[in-house]
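This report refers to the structure that appears directly beneath it.
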Amino acid sequence: MTTPAEPSAYGVQIDAQPGQATIRLNGEALPVNQVTGYVLQHDVAAALPTLVLHTRQPDHVQWQGLARVAVAAPEQDDGQVVAAFLQNVDPGALARAALERDDLDGSPNELTVAMLKQLADWAQGRA
C-alpha cells in the first residue's frame with residue numbers, strides 16, 4: 001500500500017446556525033454562501049469522521065462535485081481498509097462502469113474481470 005503525497009485529514013471547524021454555516025478547513029474559511037449543506041458522519045471507535053460538503057457550482061470551475069474519499073486509520077490492516085472500501089461501493093455504479101469499459105474482451109468472465117479492474121481503478125483514484 002502506498003502512502004498518499006497529500007495529507008489525508010484536515011482540521012475542521014463548523015459554526016452553524018439555521019440558514020447559515022461557516023466552515024473552516026485547516027483554519028481557512030470556505031467562501032461565504034459556497035456551501036449549501038454538509039453531512040458529518042463519525043464512527044468514534046473505528047476511524048476519523050467523514051465530512052461531505054455540498055457546494056454551489058461556480059462558473060469558472062471545469063469540474064466540481066462529490067467524490068468517494070476514504071481515510072484509513074494507521075492501525076487498520078490492509079484487509080480492514082479493503083473491506084471498508086468495498087462496503088462503500090455502489091453495486092449499480094460498479095456494474096454500469098464495468099459495462100462501459102473499453103477493455104471488455106468477450107471472454108467468459110469478462111464482466112467479473114471488468115468489475116475487478118474498475119474497483120482497482122477506483123481504489124487508486126482513477127475514474
Side-chain angles (χ1 to χ4, degrees):
M1 180 166 13
T2 61
T3 304
E6 296 294 320
S8 58
Y10 292 87
V12 176
Q13 179 183 3
I14 300 172
D15 180 14
Q17 300 171 18
Q20 176 184 341
T22 301
I23 299 175
R24 295 180 182 280
L25 299 178
N26 288 340
E28 240 351 96
L30 297 176
V32 176
N33 297 324
Q34 185 69 32
V35 176
T36 60
Y38 65 90
V39 177
L40 182 62
Q41 180 181 352
H42 191 196
D43 177 355
V44 178
L48 292 170
T50 299
L51 175 62
V52 176
L53 299 175
H54 300 269
T55 61
R56 297 190 193 290
Q57 303 292 324
D59 292 337
H60 65 280
V61 173
Q62 292 180 356
W63 182 88
Q64 183 173 330
L66 298 177
R68 254 186 210 102
V69 177
V71 179
E75 65 275 0
Q76 285 183 314
D77 68 24
D78 290 345
Q80 290 173 314
V81 173
V82 171
F85 170 76
L86 292 174
Q87 287 172 346
N88 288 305
V89 171
D90 176 345
L94 176 58
R96 286 187 299 277
L99 290 170
E100 291 173 3
R101 292 182 66 91
D102 59 5
D103 58 354
L104 295 173
D105 61 6
S107 68
N109 298 314
E110 79 173 341
L111 183 57
T112 302
V113 170
M115 286 182 163
L116 291 170
K117 286 180 180 179
Q118 188 63 48
L119 288 169
D121 286 349
W122 283 348
Q124 294 175 352
R126 296 188 300 251

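This structure is a prediction, so every number in the text was calculated from the model and none was measured.
The CG atom of Leu119 sits 4.5 Å away from atom CG of Leu94, with the distance rounded to the nearest 0.5 Å. To the nearest 0.5 angstrom, Asp90 atom CG is 7.5 Å from Trp122 atom CH2. Taking CG from Asp121 and CG from Leu116, the interatomic distance works out to 11.0 Å, rounded to the nearest 0.5 Å.
Applying the salt bridge (Lys or Arg N to Asp or Glu O under 4.0 Å) test to every pair with at least one member in residues 108-118, sequence neighbours left out, gives these pairs: Asp103-Lys117.
Under the side chain to side chain donor-acceptor pair (under 3.5 Å) criterion, Asp105 pairs with Ser107, sequence neighbours left out.
For the residue pair Ala29 and Arg24, the shortest heavy atom distance occurs at CB-NH1, 3.5 Å. Contact detail for Leu104 and Ala98: the closest heavy-atom pair is CD2-O, 3.7 Å. Nearest approach of Arg101 to Ala114, heavy atoms of both residues: CD-O, 3.5 Å.
Both Met115 and Leu99 are part of a single hydrophobic cluster, where members link through side-chain heavy atoms under 4.5 Å apart.
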Using atom types as modelled, flag every donor-acceptor pair under 3.5 Å from a side chain in residues 14-23 to any protein atom, sequence neighbours excluded.
none

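Counting heavy atoms from C-beta on, the side chains of Leu51 and Val39 never come closer than 4.5 Å.
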